[in-house]
Amino acid sequence: MMNRVILVGRLTANPTLKYTPAGVPVTTFTLAINRTFTNQQGEREADFINCVVWRKPAENVANFLKKGSLAGVDGRVQTRNYEGENGKRIYVTEIVAESVQFLEPKSKNNNTPQNEPNQTQKPASENYASNTKPIDISDEDLPF
């Protein structure tokens, strides 16, 4: 049997980080995922998928993603149920994320700290382009 889900969408609200009584971090969030087709009125609809992520990835999601962030989720579908306040059985279907990928650069999410200047990095090849001196490497420094 296989239970595997891969989703790419935008967070509908800031993630919610909580801790279990044992101190295990758990974060919940909802992804909005556009459908590939339009409805009869020509409008594009979206699905809103509830996701949950545990432990260190949960803390990372809570710290680095926010409403509107583009994220990729790899996980599995899980259904659970509990008894509601009025005694009715409530069923919940959600994605338990095994990994969450942040699909936008930090600057796009405005998650860079305020005291850090916004710098663009040069490609690694440009770092050495202006240096025309030969590199002195002895045979002892080579791993082969």
Side-chain angles (χ1 to χ4, degrees), residues 1-135 137 141-144:
M1 313 265 177
M2 185 165 45
N3 181 357
R4 189 52 135 201
V5 176
I6 299 173
L7 302 170
V8 174
R10 294 198 179 273
L11 274 70
T12 61
N14 291 334
T16 304
L17 174 64
K18 295 181 181 178
Y19 291 88
T20 66
V24 178
V26 57
T27 297
T28 56
F29 59 95
T30 301
L31 277 184
I33 302 166
N34 290 331
R35 293 184 178 173
T36 57
F37 53 88
T38 57
N39 62 16
Q40 291 179 344
Q41 290 77 31
E43 300 167 342
R44 190 166 295 252
E45 296 179 353
D47 293 305
F48 300 92
I49 311 293
N50 294 326
C51 300
V52 61
V53 59
W54 293 86
R55 296 177 182 75
K56 184 63 177 172
E59 293 176 327
N60 289 338
V61 166
N63 289 329
F64 297 108
L65 293 182
K66 62 180 172 92
K67 180 179 179 177
S69 296
L70 185 64
V73 173
D74 182 6
R76 61 185 168 83
V77 176
Q78 176 176 288
T79 303
R80 60 184 172 87
N81 63 71
Y82 60 93
E83 191 172 312
E85 292 177 10
N86 57 4
K88 277 189 161 181
R89 181 73 40 204
I90 297 175
Y91 292 90
V92 178
T93 301
E94 59 198 359
I95 305 303
V96 177
E98 293 175 12
S99 72
V100 178
Q101 303 293 316
F102 308 157
L103 300 178
E104 292 179 314
K106 283 184 185 180
S107 60
K108 178 113 179 170
N109 287 334
N110 294 325
N111 284 336
T112 53
Q114 296 298 335
N115 59 358
E116 227 178 85
N118 192 3
Q119 299 178 4
T120 57
Q121 291 187 352
K122 295 179 186 176
S125 60
E126 286 184 25
N127 290 337
Y128 303 104
S130 63
N131 189 354
T132 57
K133 298 181 220 170
I135 299 173
I137 299 176
D141 293 335
L142 297 175
F144 47 88

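Between Ala97 and Val73, the shortest heavy-atom contact is CB-CG1, 3.6 Å. Closest of all the heavy-atom pairs between Trp54 and Thr20 is CZ3-CG2, 3.7 Å. The shortest non-hydrogen separation linking Leu65 to Pro15 is O-CD, 3.5 Å. The minimum heavy-atom distance between Pro25 and Ala58, with the atom names listed, is O-CB, 3.8 Å.
For Gln40, the CD atom sits in a loose shell: 12 or fewer heavy atoms of surrounding residues, nucleotides or ligands are nearer than 6.0 Å.
Ile95 contributes atom CD1, which lies 5.5 Å from atom CG of Leu7 (distance to the nearest 0.5 angstrom). Rounding to the nearest 0.5 angstrom, the gap separating the CD atom in Glu59 from the CZ atom in Phe64 is 10.5 Å.
For the side chain to side chain donor-acceptor pair (under 3.5 Å) condition, the pairs that include at least one residue of residues 94-103, sequence neighbours left out, are Arg4-Glu98, Arg80-Glu94. The list of salt bridge (charged side-chain N to carboxylate O under 4.0 Å, His left out) pairs with a residue in residues 15-28, not counting sequence neighbours, is empty. Applying the salt bridge (charged side-chain N to carboxylate O under 4.0 Å, His left out) test to pairs two or more places apart or on separate chains, those with a residue in residues 26-40 are Arg35-Glu45, Arg35-Asp47.
For the pair Thr28 and Asn50, the minimum side-chain heavy-atom distance is 4.5 Å or more. Under the 4.5 Å side-chain criterion, counting only non-hydrogen atoms from C-beta, Thr12 is in contact with Phe48. Annotation: side chain of Lys88 is not in contact with side chain of Glu83 (no heavy-atom distance under 4.5 Å). Inter-residue side-chain proximity for Leu31 and Leu11 is flagged as met; some heavy-atom pair is nearer than 4.5 Å.
No donor-acceptor contact under 3.5 angstrom links the side chains of Asn34 and Arg44, judged on distance only.
Using modelled atom types, no side-chain atom of Asn14 and backbone atom of Lys66 make a donor-acceptor pair closer than 3.5 Å.
Of the residues listed (Thr27, Val92, Val26), the one engaging Val52 in a side chain to side chain contact (heavy atoms under 4.5 Å, CB included) is Val26, and it is the only one.
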